[in-house]
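One structure is given here, and the rest of the page talks about it.
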Amino acid sequence: MEPLQSLRGMVDLLPEQTPVWQRIEATARQHFRRAGIAEIRTPLLEVTELFARGIGVATDVVGKEMYSFLDRGERHCTLRPEGTASVVRAAIQHGLLSQGAQRLWYGGPMFRYERPQAGRQRQFHQIGLEFLGLADPRSDAEAIAIAWDLLAGVGLAGLTLELNSLGSHDDRVRFRAALVGWLEERRDQLDPDSQQRLVSNPLRILDSKNPATQALLAEAPTLAAALAPESRERFERVQEALSRLEIPFVLNPRLVRGLDYYGHTAFEITSSQLGAQATVCGGGRYDTLVQQLGGPVTPAVGWALGMERLVLLAQAADGPASQAAPAPDLYVVSRGAAAEALALPLARRGRRAGLAVELDFSGAAFGKQFKRADRCGARWAAVIGEAEAAEGVVVLKDLRAKATADRRLTAEALLAWLRESGSA
RNA sequence: GCGGGCGUCGCCAAGUGGUUAAGGCAGUGGCUUGUGGCGCCACCAUUCGGGGGUUCGAGUCCCCUCGCUCGCCCCA
C-alpha cells in the first residue's frame, strides 16, 4: 500500500511547532482584547462572486490563484483567498454596520493556488483586523499601531513599516492616465512583464523588481504629485498620528497593494530576514469595498498578517529551545496486572486534582518506564507494583533529586501532598 | 505558469559503475523478573521517492514522473 501524502502546499503542523503558533495566537488575542477589538469568524467557503467583486477580477489572486469549484447544487464556490471580503460580507448580511463602527479581527486558513516557496503555502494562515465605519486618519494609525505592537509583542525586531498613499479613486484615475501616457512613449525600455501590465494593471509597474524599469521610473510622474490637496492632507494626518505614537515609518512611493479595493493609506511591514517573501503584514484603507459589495457607504481600514512568516521570524528570534513541550507533574509507572489496573484511575484522579499526569501502559521493566518518565521531564513518578497494589499504597519518587527516600503513601495522601507542595 | 538545486531507515548522514548499502540520534530487547538520568551488548533499509532505459553489473549514467526546496510572477 502506497502511503498517501498531504496535497502540495498543504502543510502539517507537528506537535513540536504547535507551541510557537499558540504563543503567537495568544499574543494576538491579548492585543486585540486590550484594544477593544472583537473576533469574527466566517466560513472558509464563499460564493466565488464575492471575491471577484471584492478583490477585483483583474488581480492575479482572482484570475489564477483561487481554489474554485462547483458544488452539488451547481453553485460557484471558492475557498477564501483572503479574509476582508468575507468579513465585509458578514457585516453587511447581519446589519452590523447600522450598529456603529465595527472593530473586528479574524484568523484562520486562506487558500491560494500558487507555487509554494519560503513563507508561502497554498493553505496559509492569516490574522487580520478590520475597522468598518471609521474614516478618521487617526484610525489608520491606530490600526497600524496595533499591528506594530503585536509584532513587537511576539518579540520581533528589525521590522520596517513602509507607507504610501494611493489617493482617492479620482487621483488614481488621473495618475494612471498620466503614467500610461508617459510610459507608452518609452515602451521599448520596459521589461516584458511591465509592458503587459501597461494594459492590465499599470500601477503595478511601480513596484517592478526589474532594475532597468526602476531606473526609468525615477523620471516618471509620481503618484504623490498626482494627489489632490485633500488626499495629501489626509496622508499627512496619518503620518502625524504615527509620529505621535513614535512608530517609525519609511515613505515608499512605489508601494502599491495588489488588491483592487485599496485607496489612500497603504502600508506593509517587512523584514529583511524572510527571503523573497518579505512582507509580514500588509494592509490599508478601503473606503469603497463595502459599497461595492452591496452595503452602505462605509469607510474602512484593515490589514492582514501572515502567520507562517511570523512563525519563521519568531523562531529565528528566540531559537528552537522555547518550543519544548510542557513537562508533566506526575508520571505513573506500573507493572503487574493488579498494579496496571490501578494506574489509569490514579492518573485520572491526579488530573481531576489539577495535576498534569502521564502514564505508561507498557508494563515493561521498571527501569524502562523510569527512563521514559525521566525523558519526558516529569517532576515525580508514582510507582505501583505488585506489593503496592496489594497494600493499597503508591510509592512517590522524586525524579529531580538524586537520592531522596521514596515515600509510600495512599493515593489520597499522595495527591494531597503534591497539591500542597505546589506542583499543581 | 516559468527557471535553478535536491530526493539513501522516523531524523541527521557516508557512499560518485563492481560482488555483502558506513556511522550518529531516536526506537526496541538485554546486562538489572521491582526502580531513572551514565555505561555496555544486541536488534533496527533484500534497499537507495516511483517507473523505464544503458550496462556483464547502477544508489551511483540517461529519460520520464512524483515530491521537496529556492527564485521569478504574485502576495500575507
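As the structure is a prediction and not an experimental result, all values here were calculated from the model.
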> Would A:Arg122 count as a cation-pi partner of A:Tyr113, with NZ or CZ less than 6.0 Å from the six-membered ring centre and within 45° of the ring normal?
Replying inline: yes
>> Can you tell me which nucleotide in B:G36, B:C73, B:A76 comes closest to the side chain of A:Lys64?
In response: B:C73
>> On the six-membered ring of A:Trp182, is A:Arg186 placed so that its NZ or CZ lies under 6.0 angstrom from the centre and within 45° of the ring axis?
In response: yes
>> Under a plain distance cut-off of 3.5 Å, with no hydrogens placed, do A:Gln369 and A:Tyr331 share a side-chain donor-acceptor pair?
In response: no
> Taking atom P of B:C73 as reference, at what distance in whole Å does atom CZ of A:Arg122 sit?
Replying inline: 18 Å
>> Please give the distance between the P atoms of B:U69 and B:A22 as a whole number of Å.
In response: 30 Å
> Roughly how far apart, to the nearest Å, are B:C66 and B:G52 at atom C1'?
Replying inline: 14 Å
> Taking 4.0 angstrom as the limit, do A:Arg29 and A:Glu39 come out as a salt bridge?
Replying inline: yes
>> Does A:Arg375 reach a base, just sugar-phosphate, or nothing at all? Heavy atoms under 4.0 Å.
In response: sugar-phosphate
> Which part of the nucleic acid, if any, lies within contact of A:Ala304, taking any heavy atom under 4.0 Å across all strands shown: a base, the sugar-phosphate backbone alone, or nothing?
Replying inline: sugar-phosphate
>> Under 4.0 Å, counting only non-hydrogen atoms across every strand here, what does A:Arg204 touch: a base, just sugar-phosphate, or nothing?
In response: sugar-phosphate
>> Applying the Watson-Crick and G-U wobble criteria at under 3.5 Å, what pairs with B:C68? Answer none if nothing qualifies.
In response: B:G5
> Just how far, in rounded Å, is P of B:G27 from CD of A:Gln369?
Replying inline: 15 Å
> Taking atom C1' in both B:G67 and B:U20, what distance in whole Å separates the two?
Replying inline: 31 Å
> Would A:Glu65 and A:Arg115 pass as an ion pair if we require N to O under 4.0 Å?
Replying inline: no
> Does A:Glu65 get its side chain close enough to the base of B:G1, under 3.5 Å, for a donor-acceptor pair?
Replying inline: no
> How close or far is atom P of B:A76 from atom CD of A:Gln123, stated in whole angstroms?
Replying inline: 17 Å
> Who does B:C48 pair with, Watson-Crick or G-U, both distances under 3.5 Å?
Replying inline: none
> So do the side chains of A:Leu223 and A:Asn164 get within less than 4.5 Å of each other, counting heavy atoms only?
Replying inline: yes
Please list, one pair per line, the donor and acceptor atoms closer than 3.5 Å that link side chains of residues 6-13 of chain A to other protein atoms, with sequence neighbours excluded.
from   : atom 1 : to      : atom 2 : distance (Å)
A:Ser6 : OG     : A:Met10 : O      : 3.2

> Does the gap between the ring centers of A:Trp380 and A:Trp417 come in under 6.0 Å?
Replying inline: yes
> Between B:U33 atom C1' and A:Phe366 atom CZ, what is the distance in whole Å?
Replying inline: 10 Å
>> Work out how far the P atom of B:C6 is from that of B:G49, and round it to whole angstrom.
In response: 14 Å
>> For B:A22, give the paired nucleotide (Watson-Crick: N1-N3 plus N6-O4 or O6-N4; G-U: N1-O2 and O6-N3; both under 3.5 Å), or none.
In response: none
> Can you tell me how far P of B:G27 sits from CG of A:Asp360, to the nearest Å?
Replying inline: 13 Å
> When the C1' atoms of B:G34 and B:G15 are considered, how many whole Å apart are they?
Replying inline: 47 Å
>> Using the C1' atom as the point on both nucleotides, what is the distance between B:C70 and B:A13, in whole Å?
In response: 22 Å
> Please give, in whole Å, the distance from B:A76 C1' to A:His125 NE2?
Replying inline: 12 Å
>> Strictly under 4.0 angstrom, non-hydrogen atoms only: write out the protein contact profile of nucleotides 64-70 of chain B, one letter per nucleotide from the 5' end, B, S or -.
In response: ---SSBS
> For the atom pair NE2 (A:His125) and CD1 (A:Ile24), what is the distance rounded to the nearest 0.5 Å?
Replying inline: 12.5 Å
>> Please report the distance, rounded to the nearest Å, between CD in A:Glu82 and C1' in B:A76.
In response: 11 Å
> Contact class for A:Arg335 (heavy atom, under 4.0 Å): base, sugar-phosphate, or nothing?
Replying inline: sugar-phosphate
> Want to settle it: does A:Val61 or A:Arg408 sit nearer the 5' end of RNA chain B, counting the closest nucleotide to each?
Replying inline: A:Arg408
> Between B:C43 and B:C64, how far is it from one C1' atom to the other, in whole Å?
Replying inline: 39 Å
> Mapping A:Thr279 and A:Lys371 onto RNA chain B by nearest heavy atom, which one lands closer to the 5' end?
Replying inline: A:Lys371
> If only side-chain N and O atoms of A:Arg372 are considered, is one of them under 4.0 Å from the OP1 or OP2 phosphate oxygen of B:G37?
Replying inline: no
> For A:Ala365, which contact category applies under a 4.0 Å heavy-atom criterion: base, sugar-phosphate, or nothing?
Replying inline: sugar-phosphate
> Taking atom P of B:G36 as reference, at what distance in whole Å does atom CG of A:Asp398 sit?
Replying inline: 15 Å
>> Out of the candidates A:Arg372, A:Glu340, A:Arg335, A:Lys368, only one should pair with A:Ser362 under the side-chain hydrogen bond (donor to acceptor under 3.5 Å, both in side chains) rule; please name it.
In response: A:Arg372
> Are A:Phe124 and B:A76 stacked, counting the six-membered base ring, centres under 5.5 Å, planes under 30°?
Replying inline: yes
> At under 4.0 Å between heavy atoms, what does A:Gly282 touch on the DNA or RNA strands: base, sugar-phosphate, or nothing?
Replying inline: sugar-phosphate
>> What's the gap between B:G59 and B:G51 when it is taken at their P atoms, as a whole Å value?
In response: 13 Å
